[in-house]
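All values below were derived from every heavy atom in this structure, side-chain atoms included, with hydrogens, water molecules and symmetry-related copies excluded. In what follows, every chain begins at residue 1, and chains take the letters A, B, ... in the order their sequences are listed.
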Amino acid sequence: MLDTLKQPKRGVVSPVSREQYVDAFNWMLLARTVEEKLASLWRAGKISGGVYLGKGQEAISAALGIMLKSGDIFGPLIRDQAGRLAFGESLIDVFRVHFGSRTSLSRGRDGNVHRGNPRGGYHAMISHLGSLISVVAGALVARRFQGDTTAIGATTIGDGGTSTGAFHEAINMAAVEKLPLVVVVVNNQYAYSTPNSRQFACSDLVERATGYGVEGHSLDGTDLQECLEVLGQATQRARSGHGPQMVVGDCLRLTGHGEHDDASYMDKTLSQTRLGRDCLKIAENYLQERHWADHVLLEDWRKNAKEQVENAVADAQHEPLADPAMETWCPYATKRIASAVLVR
Amino acid sequence: MLDTLKQPKRGVVSPVSREQYVDAFNWMLLARTVEEKLASLWRAGKISGGVYLGKGQEAISAALGIMLKSGDIFGPLIRDQAGRLAFGESLIDVFRVHFGSRTSLSRGRDGNVHRGNPRGGYHAMISHLGSLISVVAGALVARRFQGDTTAIGATTIGDGGTSTGAFHEAINMAAVEKLPLVVVVVNNQYAYSTPNSRQFACSDLVERATGYGVEGHSLDGTDLQECLEVLGQATQRARSGHGPQMVVGDCLRLTGHGEHDDASYMDKTLSQTRLGRDCLKIAENYLQERHWADHVLLEDWRKNAKEQVENAVADAQHEPLADPAMETWCPYATKRIASAVLVR
Amino acid sequence: MTITYLEAIREAQEKALRDDERVYIYGQDIGTLGGAFKATKNLAKEFPGRVLDAPISEDAMVGSAIGAAIEGMRPIIEMQFADFSMVAINQIVNQAATLYWRTQVACPITIRLPSGGNPGSGPFHSQCLESLYSHFPGLVVMTPATVEDAYTMLLEAVEIDDPVIFCEHKYLYNRLKCEVLPETGLPCDTARIARFGRDVTIVAYSAMVHEALAAADQLHKEDIEVEVVDLRCVKPFDLKTVLSSVARTARLLCVGESWPWGGVNSEVIASVVTHGFHLLDAPPQRINSKDTPVPFHPSLWGVHKPSSQVIAAAVRRLCDW
Amino acid sequence: MTITYLEAIREAQEKALRDDERVYIYGQDIGTLGGAFKATKNLAKEFPGRVLDAPISEDAMVGSAIGAAIEGMRPIIEMQFADFSMVAINQIVNQAATLYWRTQVACPITIRLPSGGNPGSGPFHSQCLESLYSHFPGLVVMTPATVEDAYTMLLEAVEIDDPVIFCEHKYLYNRLKCEVLPETGLPCDTARIARFGRDVTIVAYSAMVHEALAAADQLHKEDIEVEVVDLRCVKPFDLKTVLSSVARTARLLCVGESWPWGGVNSEVIASVVTHGFHLLDAPPQRINSKDTPVPFHPSLWGVHKPSSQVIAAAVRRLCDW
Ligand SMILES: Cc1ncc(C[n+]2csc(CCOP(=O)(O)OP(=O)(O)O)c2C)c(N)n1
Ligand SMILES: Cc1ncc(C[n+]2csc(CCOP(=O)(O)OP(=O)(O)O)c2C)c(N)n1
Ligand SMILES: [Mg+2]
Ligand SMILES: [Mg+2]
């Protein structure tokens with residue numbers, strides 16, 4: 001279903017155009033609206049399982065999403081609602097999966113952030129951090145075999161996820177294969193409750209790029225303009241044969257690890273720094289300063305986002321939930337094997 | 001048994017003294033002599049399992065070994081015969097383990113390079129590359145808890161081993177904990193048949209140090225003098241509270257991956273480069289140039305090494321082999337558990 | 001004052017830290033946060049420097065525990081969820097579990113695995129990996145079913161000289177309570193008769209003991225008396241107690257939450273029939289989770305794992321044999 | 001001209017590469033070197049760019065194969081030794097094995113595991129991990145015992161839409177030979193009666209089939225006729241064929257080289273007794289490797305794993321029951 005969702009017109013524009021900025025901004029806004037709804041549904045006990053939000057990371061995620069074109073590959077992580085939408089996820093899929101609807105991408109078998117449509121280039125993460133990067137790299141290996149010379153792949157990982165062996169193996173392998181892979185490290189200062197100081201000892205994670213022989217980029221994740229510029233460049237470099245790109249974006253997680261978490265462990269002074277700025281507010285100001293949007297237009301966009309979200313929620317809530325009676329309870333794709341197993 | 005073997009007099013001397021150079025040289029020579037013997041025993045079918053030699057890497061290994069003091073921790077890898085000896089391994093243990101003697105460190109349960117005496121600070125590697133680094137790091141964590149402020153730990157890894165997730169996780173963790181750990185990456189250009197170009201894409205593995213926030217050092221592994229200088233410095237830095245040290249030594253594997261391997265895949269031109277020099281020959285020349293040893297003395301040392309090796313082989317060959325009748329077939333240390341298991 | 005299963009785990013760790021200076025705890029978010037489930041709540045404050053936040057590096061977490069154990073420490077590793085121990089399995093089964101056998105140096109580490117399903121947890125936060133780890137020589141695998149066992153067995157795990165995989169069940173964390181923690185408990189290699197009965201033996205462990213007991217309550221009303229054996233520890237497990245129960249009832253049903261192929265159930269059944277074939281009047285039976293990943297949606301999850309209803313039905317069939 | 005088990009594996013890969021452009025092979029040292037065992041000898045030359053040397057990154061090797069499979073490829077991954085697959089197990093059991101169930105996208109990857117013991121190989125180059133992988137839902141685990149099966153089953157593994165763990169036995173590599181490779185074989189979910197007999201059924205797989213056959217030869221001289229069932233594939237396995245053999249012989253002995261706790265043997269026995277209890281005249285028995293790591297020294301190793309002598313002795317005891 002995603003196959004048709006990417007508009008091929010998108011791509012790198014440098015310097016950032018109004019069109020692109022507005023586009024990204026609206027995905028950010030929509031993501032924020034979606035997530036506020038998810039949070040309130042969760043508080044109301046309408047969602048089983050956890051809810052994990054990307055508040056404060058929408059600029060990076062949306063900017064990455066809009067740099068990807070039809071045919072590209074995207075492996076989003078937990079805080080990538082904006083990127084998912086920009087890459088083409090339909091709103092109803094977001095809510096279906098959180099409700100555990102039978103019609104959801106995982107048919108109630110998995111929830112929240114684990115959704116995807118891998119054949120459409122939209123990968124479905126498992127929980128084990130770091131393990132998606134090599135999968136996206138492998139998809140690019142396949143594309144190379146198939147003679148696709150234009151597609152790129154992108155995936156994100158948190159500051160905490162960089163400590164996994166899987167992260168290391170995947171980037172190193174992608175570098176050896178010189179794959180058109182963009183790895184975006186979103187340093188939101190915490191991995192659950194664990195601050196950077198307990199996670200790594202280098203002064204900036206971008207310093208790892210040289211050690212892998214890949215190109216490194218840094219960006220301020222609170223500034224959409226910079227996100228667009230840098231991610232535009234990084235995706236462009238990947239697309240034009242310069243191998244893997246490591247982009248490190250700094251920001252602050254403006255929410256708990258999940259909605260169950262009050263984040264009381266966070267260093268309160270961080271929110272007073274540049275990192276603690278709300279990228280959505282910054283982007284609104286920027287739009288107004290540039291006269292790319294005024295109050296009225298912004299309000300219009302907000303209303304529009306809300307409406308879309310309310311409609312999607314209403315639709316999703318009407319859908320049938322997962323039903324054990326309709327489960328096959330069979331994990332095999334091969335018909336013969338499946339029937340051998342089910343006979344017993 | 002190892003506890004008493006390290007002479008506390010050893011340590012960093014800079015610039016390199018004759019005493020230190022000669023000491024290291026003799027470990028190199030002894031290691032080479034041991035390994036030539038192992039190779040011929042293997043060809044004669046007297047050893048079960050593989051034989052893996054460190055030819056061409058003795059300078060790095062010996063230099064590391066002599067920088068370690070009594071109470072330090074050492075996790076050698078497959079090509080560390082010289083370092084093992086310098087750290088205090090007795091010759092007979094080398095042959096016992098290769099013959100599968102009942103009196104060997106592993107009592108015939110494991111062979112060749114997997115020997116060690118962990119309570120003596122001399123770790124016994126498992127085959128899975130990279131997995132020893134965190135173990136050595138953990139030993140240093142224990143020492144910190146126990147108030148030991150002087151000991152350091154050292155371990156080696158090949159160019160190939162740097163691609164493992166375990167390598168990454170361990171160094172990163174050691175950096176976060178600021179442990180006195182020296183990780184020596186021995187880049188002998190190949191991992192079995194795989195050249196550097198298929199293993200990593202950075203121009204020099206030492207570039208990884210910054211990304212971990214640890215201090216990086218490079219050395220020419222064919223030059224004992226440089227090995228002593230750089231490893232002296234690195235161990236000294238670790239010992240004086242500067243956290244993990246990553247040392248990358250370049251050389252060429254002057255033998256097959258194991259004795260079964262003719263290494264026909266190797267790029268023949270490499271042996272013509274500086275990398276291809278035999279560190280033992282270079283060291284001999286150096287000794288003579290400096291007038292630290294003449295022909296006669298060198299010949300004496302050689303004879304002495306040979307004699308020691310022949311004696312150890314003769315002794316080890318007289319020892320009883322592993323005997324299934326004497327096996328407990330029980331992997332548990334806890335008496336109660338062991339007897340519960342064995343009753344059945 | 002009541003104490004939950006989760007609090008018992010915290011108390012055991014507190015006692016271990018207090019009584020034995022060789023003990024320390026290492027795991028993600030166990031310091032200030034007190035752990036994802038609060039099993040180490042306040043311990044970092046009470047024992048400064050001995051309850052340490054780890055990076056997201058399970059392999060290195062376990063590897064470092066092994067190294068520390070070699071040097072005489074008794075580390076406890078908290079995995080955030082059992083499922084994430086999979087990226088440390090090489091260190092667990094190849095390095096820790098073989099260390100004593102290879103070198104005669106003991107490896108007294110305890111790895112806590114918050115295990116098992118809860119509604120809405122999905123395939124990667126619900127796994128029961130006791131069957132996986134039990135396959136490997138050298139590990140002790142504990143599966144406490146009660147608050148008391150959670151407490152005394154965790155203390156025992158820390159004392160034992162071998163690596164212990166401590167499977168604590170998340171479903172029980174806040175649902176089980178007891179009045180007061182015991183001073184001592186049964187040794188881990190001894191099973192416990194959780195309920196006496198004459199008609200059928202149910203062998204279970206961890207959360208499934210409670211499903212079995214609920215089924216037994218129901219069946220009691222139908223005049224079927226079920227004996228419930230709580231294995232407590234699945235590797236090694238107490239075959240003697242199982243056999244003597246089967247000797248009395250002549251009927252065996254095994255219940256476990258892990259996947260069916262080669263799990264605890266199949267090992268118990270294979271052991272019983274090879275050693276006590278003649279004791280059985282009916283074919284032994286087993287109930288596991290279904291052989292698919294653990295589903296997210298509560299209504300799927302509820303059917304995926306064994307329940308007291310399914311257990312009761314199986315017992316009725318066994319009695320009709 | 002004879003063909004070895006190892007050559008059959010090479011031939012199958014050559015054929016797969018030739019017939020299906022979606023196939024490629026990825027593994028350490030499989031290019032110029034042709035693999036540590038030469039299972040890909042010359043293939044890199046014959047199929048340029050399709051037989052690729054990997055860095056020492058098993059997790060990424062498998063992860064990348066999954067990604068490529070999603071995009072329609074059919075990768076074969078060679079692990080240098082089965083033992084090293086442990087550092088990739090998360091990708092195998094959590095990512096590959098669950099992919100279809102989670103997303104309805106098939107994951108047709110084949111992971112070749114050079115498995116099992118050889119004299120002098122030691123604890124980390126000898127492991128039999130079929131029991132481990134079989135525990136997880138979603139994997140097909142093949143264990144060919146003959147040259148013919150090594151060939152046709154590997155081709156089948158590549159064709160199958162699910163992830164296949166292909167356990168090829170190193171002990172058989174150069175010891176087994178056949179005259180000519182077959183065009184087709186039995187489907188993997190069908191067991192094979194390797195020898196007919198009336199007195200006892202031995203269920204075995206991989207190298208142990210040959211130990212069982214050797215025992216059967218010996219016992220034949222003693223007038224005991226053993227039926228040997230070669231499982232061929234252990235997950236799923238062909239319970240029907242096993243049950244119908246047991247129905248004829250009424251006696252069952254399972255032989256497997258993996259560790260005892262929860263292995264293939266215990267699963268087969270548990271399945272047989274739950275479904276065919278009444279068929280048995282004697283308690284089913286099993287022989288595994290001992291429950292320790294695999295020892296290095298040949299004399300220890302020879303006793304650690306099941307041998308034809310030990311099998312024959314167990315059969316005699318079973319017959320005397
Ligand atoms: C291998 C692994 N270990 C532990 C976890 C549990 N876990 C889930 S999210 C998380 C923190 C992730 O932090 P980070 O990577 O910085 O991402 P963020 O949540 O900040 O976006 C942890 C520890 C996991 N998912 N995978
Ligand atoms: C995780 C893992 N995968 C594969 C192997 C098999 N293996 C043993 S040695 C080796 C090559 C090692 O190369 P390198 O690290 O460069 O060390 P060197 O042999 O050159 O000293 C390989 C692939 C292993 N031991 N561990
Ligand atoms: Mg983070
Ligand atoms: Mg090398």
Subject >> Sub-4.5 Å side-chain heavy-atom contact between A/Phe145 and D/Glu21 >> reply: no

Original post:
Can you find a pair of side-chain heavy atoms, one from A/Pro331 and one from D/Thr98, that are under 4.5 Å apart?
Top reply: no

Between the main-chain N or O of [Y] and the side-chain N or O of [X], is there a donor-acceptor pair closer than 3.5 Å?
X: A/Tyr332; Y: D/Leu139; answer: yes
X: D/Arg102; Y: A/Asp110; answer: no
X: D/Asp162; Y: A/Thr334; answer: yes

Nearest heavy-atom neighbours spanning [X] and [Y]:
X: A/Val135; Y: D/Gln91; answer: CG2-OE1, 4.2 Å
X: D/Gln104; Y: A/Arg107; answer: NE2-NH2, 2.9 Å
X: A/Arg119; Y: D/Gly72; answer: NH1-N, 3.3 Å
X: A/Ala142; Y: D/Glu71; answer: CB-CB, 3.4 Å
X: D/Ile70; Y: A/Pro118; answer: CG2-O, 3.6 Å

Measure distances from [X] to the heavy atoms of chain A and classify the residue's part below 4.5 Å as side chain, backbone, both or neither.
X: D/Arg22; result: neither
X: D/Pro187; result: both
X: D/Pro137; result: both
X: D/Cys188; result: both
X: D/Leu52; result: side chain

Quick one: [atom1] on [X] to [atom2] on [Y], what's the gap to the nearest 0.5 Å?
X: A/Ile133; Y: D/Ser64; atom1: CD1; atom2: OG; value: 13.0 Å
X: D/Met61; Y: A/Met173; atom1: CE; atom2: CE; value: 7.0 Å
X: D/Thr103; Y: A/Leu105; atom1: OG1; atom2: CG; value: 9.5 Å
X: A/Ser131; Y: D/Asn94; atom1: OG; atom2: CG; value: 8.0 Å
X: D/Ile66; Y: A/Ile126; atom1: CD1; atom2: CD1; value: 7.5 Å
X: A/His128; Y: D/Gln95; atom1: NE2; atom2: CD; value: 9.5 Å

**OP:** Please determine, among D/Tyr100, D/Trp101, D/Tyr24, the option with the most heavy-atom pairs under 4.5 Å with chain A.
**Re:** D/Trp101

Chain D contact via [X] - which portion, at a heavy-atom distance below 4.5 Å:
X: A/His123; result: side chain
X: A/Val136; result: neither
X: A/Leu140; result: neither
X: A/Arg143; result: side chain

Heavy atoms only, distances under 4.5 angstrom: which of [options] has the most pairs with chain D? Name it, please.
options: A/Leu132, A/Ile337, A/Asn172, A/Val176; answer: A/Ile337
options: A/Ala137, A/Ser134, A/Gly75; answer: A/Ser134
options: A/His114, A/Gln146, A/Met125, A/Arg115; answer: A/Gln146

Subject >> Ionic contact status for A/Arg336 with D/Glu156, cut-off 4.0 Å >> reply: yes

